[in-house]
K.L.:
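Below is one structure. I have some questions about it.
On a predicted model such as this, the values are computed, not experimentally measured, just so you know.
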Amino acid sequence: MGWKSYDLDREAQRLVLAAKQRDDKSLNQSYKMRMAVAYGLERFWGEHLRLQAKEPEKSAYWKETWDALVGILEQAGVLLPNDTVNVNNVGEIQAMSARLWQLTIDEQRVALSVLTQLCDCIVWWTQRYK
């Protein structure tokens, strides 16, 4: 079996174009996404909640990126949680965080590796379309 790209580059281009169409200022989030990978899945996932009230376009970009990651990993056999969470419901946030922390170390490593590559692709397309 050979290398499977899971269309990361194509997905990244789609995400960048959607953000550009919605609000060109959201594109700066691409660099922040790439930096946030180092802090782990929980923090990356939670960033869309932080931005939701004051910067909904940026929040949407983060959430769409997370949703894309979930879909990509599902193709690879890694089931990443993606619960719908109300930003004002602490219990829902805690439950989602707990599900992320319950991933095996191998699942976490795969997820972070794929997220890193996806974000690298997003940064590349951002540089082309800015």
Side-chain angles (χ1 to χ4, degrees):
M1 176 177 253
W3 167 258
K4 184 166 167 77
S5 72
Y6 296 100
D7 291 326
L8 291 178
D9 200 45
R10 183 176 292 165
E11 189 61 30
Q13 182 188 32
R14 185 192 67 76
L15 289 164
V16 170
L17 289 173
K20 183 174 179 62
Q21 186 174 26
R22 182 175 44 248
D23 171 29
D24 203 29
K25 294 177 185 173
S26 294
L27 291 180
N28 288 334
Q29 295 300 299
S30 301
Y31 306 101
K32 293 178 182 179
M33 285 181 199
R34 179 56 184 90
M35 290 182 349
V37 172
Y39 296 104
L41 294 171
E42 306 81 17
R43 292 184 185 182
F44 189 95
W45 168 79
E47 191 63 13
H48 83 279
L49 296 175
R50 185 184 73 80
L51 295 167
Q52 223 170 48
K54 293 184 181 177
E55 300 177 283
E57 295 85 8
K58 293 176 183 178
S59 174
Y61 194 19
W62 281 83
K63 182 64 168 99
E64 289 170 1
T65 301
W66 181 264
D67 292 343
L69 175 67
V70 169
I72 291 163
L73 288 174
E74 187 175 345
Q75 294 175 49
V78 176
L79 300 179
L80 198 60
N82 195 18
D83 301 345
T84 301
V85 172
N86 179 326
V87 70
N88 297 315
N89 188 322
V90 174
E92 290 178 359
I93 295 169
Q94 287 174 326
M96 176 63 181
S97 295
R99 290 189 63 208
L100 288 168
W101 290 324
Q102 289 170 358
L103 293 171
T104 68
I105 192 72
D106 288 338
E107 290 171 326
Q108 290 175 34
R109 286 178 180 156
V110 168
L112 286 170
S113 295
V114 172
L115 181 57
T116 299
Q117 186 60 44
L118 178 61
C119 288
D120 284 349
C121 292
I122 288 171
V123 167
W124 193 92
W125 284 111
T126 297
Q127 291 170 341
R128 297 309 167 279
Y129 293 138
K130 264 187 126 180

K.L.:
Is it true that Tyr6 and Glu11 share a donor-acceptor pair across their side chains at a distance under 3.5 Å?
P.N.:
no

K.L.:
For atom CD of Gln21, is the number of surrounding heavy atoms from other residues, nucleotides or ligands below 6.0 Å larger than 12?
P.N.:
no

K.L.:
Out of curiosity, Met35 CE to Cys119 SG, how far, rounded to the nearest 0.5 Å?
P.N.:
11.5 Å

K.L.:
Please determine whether side-chain contact (heavy atoms from CB on, under 4.5 Å) holds for the pair Leu51 and Gln29, giving the CA-CA distance in whole Å, both sets of side-chain angles, and the decisive distance to 0.1 Å.
P.N.:
CA-CA 11 Å; Leu51 295 167; Gln29 295 300 299; 3.8 Å; yes

K.L.:
Taking the six-membered ring of Trp124, is NZ or CZ of Arg128 closer than 6.0 Å to its centre and within 45° of its axis?
P.N.:
yes

K.L.:
Could you check whether any side-chain heavy atom of Trp62 comes within less than 4.5 Å of a side-chain heavy atom of Lys32, counting everything from C-beta outward?
P.N.:
yes

K.L.:
Can any side-chain N or O of Lys20 pair as donor or acceptor with the backbone N or O of Leu27 at less than 3.5 Å?
P.N.:
no

K.L.:
Determine the minimum heavy-atom distance between Gln108 and Leu100, stating which atoms define it.
P.N.:
NE2-O, 4.5 Å

K.L.:
With hydrophobic residues grouped by side-chain heavy-atom distances under 4.5 Å, do Tyr129 and Met33 end up in a single group?
P.N.:
yes

K.L.:
Is the count of non-hydrogen atoms from other residues, nucleotides or ligands lying under 6.0 Å from Lys25 atom NZ greater than 12?
P.N.:
no

K.L.:
If you draw a 6.0 Å radius around CD in Glu74, do more than 12 non-hydrogen atoms from other residues or ligands fall strictly inside?
P.N.:
no

K.L.:
Does Arg10 offer a backbone N or O that forms a donor-acceptor pair with the side chain of Gln13 under 3.5 Å?
P.N.:
no

K.L.:
Let me see the working for Trp45 and Val70 under side-chain contact (heavy atoms from CB on, under 4.5 Å), right down to the final yes or no.
P.N.:
CA-CA 11 Å; Trp45 168 79; Val70 169; over 6 Å; no

K.L.:
Tell me if a side-chain donor or acceptor on Ser113 pairs with a main-chain N or O of Arg109 at a distance below 3.5 Å.
P.N.:
yes

K.L.:
What heavy-atom pair brings Val123 and Arg34 nearest, and what distance separates the two atoms?
P.N.:
CG2-CB, 4.0 Å

K.L.:
Will you find, in the side chains of Thr126 and Tyr31, an N or O donor that is under 3.5 Å from an N or O acceptor?
P.N.:
no

K.L.:
Is Leu80 close to Leu103 at the side-chain level, that is, under 4.5 Å between some pair of heavy atoms?
P.N.:
yes

K.L.:
Say you draw a straight line from CD of Gln94 to CH2 of Trp101; how long is it, rounded to the nearest 0.5 Å?
P.N.:
8.5 Å

K.L.:
Heavy-atom distance under 4.5 Å between the side chains of Trp66 and Phe44, does that happen here?
P.N.:
yes

K.L.:
Would you give the length of the straight line joining atom CG of Leu69 to atom CG of Leu118, rounded to the nearest 0.5 angstrom?
P.N.:
6.5 Å

K.L.:
What's the spacing between Asn82 CG and Leu73 CG if we round to 0.5 Å?
P.N.:
11.0 Å

K.L.:
Is a side-chain N or O of Asn89 found less than 3.5 angstrom from the main chain of Glu92, in a donor-acceptor match?
P.N.:
yes

K.L.:
Say you draw a straight line from CD1 of Ile72 to CG of Leu8; how long is it, rounded to the nearest 0.5 Å?
P.N.:
4.5 Å

K.L.:
When you check the gap from the basic side-chain N to the acidic O, do Glu42 and Arg99 get nearer than 4.0 Å?
P.N.:
no

K.L.:
For Val37 and Leu112, work out which heavy atoms get closest and say how close.
P.N.:
O-CD2, 3.8 Å

K.L.:
Report the distance from atom CG of Asp7 to atom CZ of Arg14, rounding to the nearest 0.5 Å.
P.N.:
11.5 Å

K.L.:
Here's a test for you: under side-chain contact (heavy atoms from CB on, under 4.5 Å), which of His48, Lys58, Glu47 qualifies with Lys63?
P.N.:
His48

K.L.:
Check the pair Tyr61, Arg22 against side-chain contact (heavy atoms from CB on, under 4.5 Å), reporting the backbone distance first and the verdict last.
P.N.:
CA-CA 9 Å; Tyr61 194 19; Arg22 182 175 44 248; 3.8 Å; yes

K.L.:
Check whether Leu15 and Leu17 end up in the same hydrophobic cluster, where Ile, Leu, Val, Met, Phe, Trp and Tyr are linked by side-chain heavy atoms less than 4.5 Å apart.
P.N.:
yes

K.L.:
Restricting to non-hydrogen atoms, name the atom on Leu41 and the atom on Ala111 that form the minimum distance, rounded to 0.1 Å.
P.N.:
CD1-CB, 3.8 Å

